[in-house]
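Scroll down for the structure; my scribbles are underneath it.
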Amino acid sequence: MTIHFAADSSANLPLAPGLEVGIAPLKIMAGSREFTDNAQLEVAELLEAMEGSKSRVSTACPSVRDWLDAFGEADEVFAVAITSSLSGSYNSGRIAAEEYRSAHPGAKVYVMDSLSTGPEMQLLLEKLWELSGTGLDFDGIVREIRGYHQRTHLIFSLESLDNLAKNGRVSPLVAKAAGLLGFRVIGRASREGTLEPLHKARGEKKALRQIQASMEQMGYRGGKVRITHTENPEAAESLKNRLLEDHPQADIKVSPNRGLCACYSERGGVMVGFEVISEK
Ligand code: X90
């Protein structure tokens, strides 16, 4: 029996070595250029095009065809999509799953609405991979991953919410706070999968301190953490080191954002997916 994993490109693949995930790419339109968020995309080039573009930067979710390609050919497919509250990706994935089942009688496909994105999707994919090695059957894996999802969160610090606001993914009022010089907005993915602002912080150090405090408040006690950043490895590493001071055994990894997360978290953005001890 073969098992495949798939995700849309907001999961910032590649992930752990050995964990193979089919990618359904989103697209980013900046000025006259269109970027496909695949392994070939150069984030630095995308950011330059975005920053030099006079017109609104926009994005498009993967098509049903993109998801079918990402599923590949397998008996069981587990797929994770960016929050359905902010993107049509999950919807395309659901339709793809129906088509897949009719084209492959007996095949099973589970498409999960992450209600989040980036590093929280990474945690979900790593857990799915781990669960697939435990001998659990399809329904057992689905049950377990749903339970695990109750214990994962996403928190982030953004220097600019321009692209989110211009695309109607956050209110202009919330975006304004981040527009003030030197201010960052600290927020999280809400239970409904929308962007929930929590705090404003002036300067990177305060923002990182605030992220750490919010994580502890939400129940972080040394579980797994995945940190991604948009051209800001210093902040990501410094957050990792702060967390390790309190939780020396924690499994914490840092990686760069790919196109979609880079587009919306913008230069300097830091995103953190983490496990907590009690359910949401
Ligand atoms: O379908 C599309 O065109 C994609 C639209 C995606 C819009 C939101 C992307 C957010 C990326 C920014 C910080 C995290 C916010 C998380 C809220 C759940 C990353």
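Indexing begins at 1, ligand by ligand and atom by atom, following the structure's order. All heavy atoms count here, side chains included; hydrogens, waters and symmetry mates do not. Throughout, residue positions are numbered sequentially from 1 according to the sequence presented.
- The nearest protein atom to atom 10 (C) of ligand 1, hydrogens excluded, is given as Y264 CB, 3.8 Å; this is a heavy-atom distance.
- The closest protein non-hydrogen atom to atom 18 (C) of ligand 1 is A189 CB, 3.6 Å.
- At a threshold of 4.5 Å between non-hydrogen side-chain atoms, the residues I145 and Y110 count as touching.
- Using modelled atom types and a 3.5 Å distance limit, the side chains of R267 and N232 yield no donor-acceptor pair.
- Within the 4.5 Å cutoff, side-chain heavy atoms of L208 are placed close to those of R242.
- Of the candidates S9, C263, C261, S10, D37 forms a side chain to side chain contact (heavy atoms under 4.5 Å, CB included) with just one, namely S9.
- Close N/O approach between S265 and ligand 1 is not found [any backbone or side-chain N/O within under 3.5 Å].
- The shortest N or O to N or O distance between T83 and ligand 1 is not below 3.5 Å.
- Ring-plane geometry between Y100 and H104 is classed as parallel, the angle between the planes falling under 30 degrees on a 0 to 90 degree scale with a further cut at 60.
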*Test Y220 against Q212 for side-chain hydrogen bond (donor to acceptor under 3.5 Å, both in side chains), laying out the working first.*
CA-CA 9 Å; Y220 180 69; Q212 195 176 5; over 6 Å; no
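- Against a heavy-atom cut-off of under 4.0 Å, L26 is close to the following atoms of ligand 1: 1 (O), 2 (C), 4 (C).
- In terms of protein heavy-atom proximity, atom 19 (C) of ligand 1 is closest to M271 CE, 3.8 Å.
- Close contacts of ligand 1 with F156, meaning ligand atoms under 4.0 Å from a residue heavy atom, involve 14 (C), 15 (C), 16 (C).
- For ligand 1, the atoms sitting less than 4.0 Å from at least one non-hydrogen atom of A60 are 3 (O), numbered in the order shown with element in parentheses.
- Under the 4.5 Å side-chain contact rule for hydrophobic residues, M271 and L86 do not share a cluster.
- Closest to atom 2 (C) of ligand 1, if we only count protein heavy atoms, is T59 OG1, 3.4 Å.
- Looking at atom 1 (O) of ligand 1, its nearest protein heavy atom turns out to be S87 OG, 2.7 Å.
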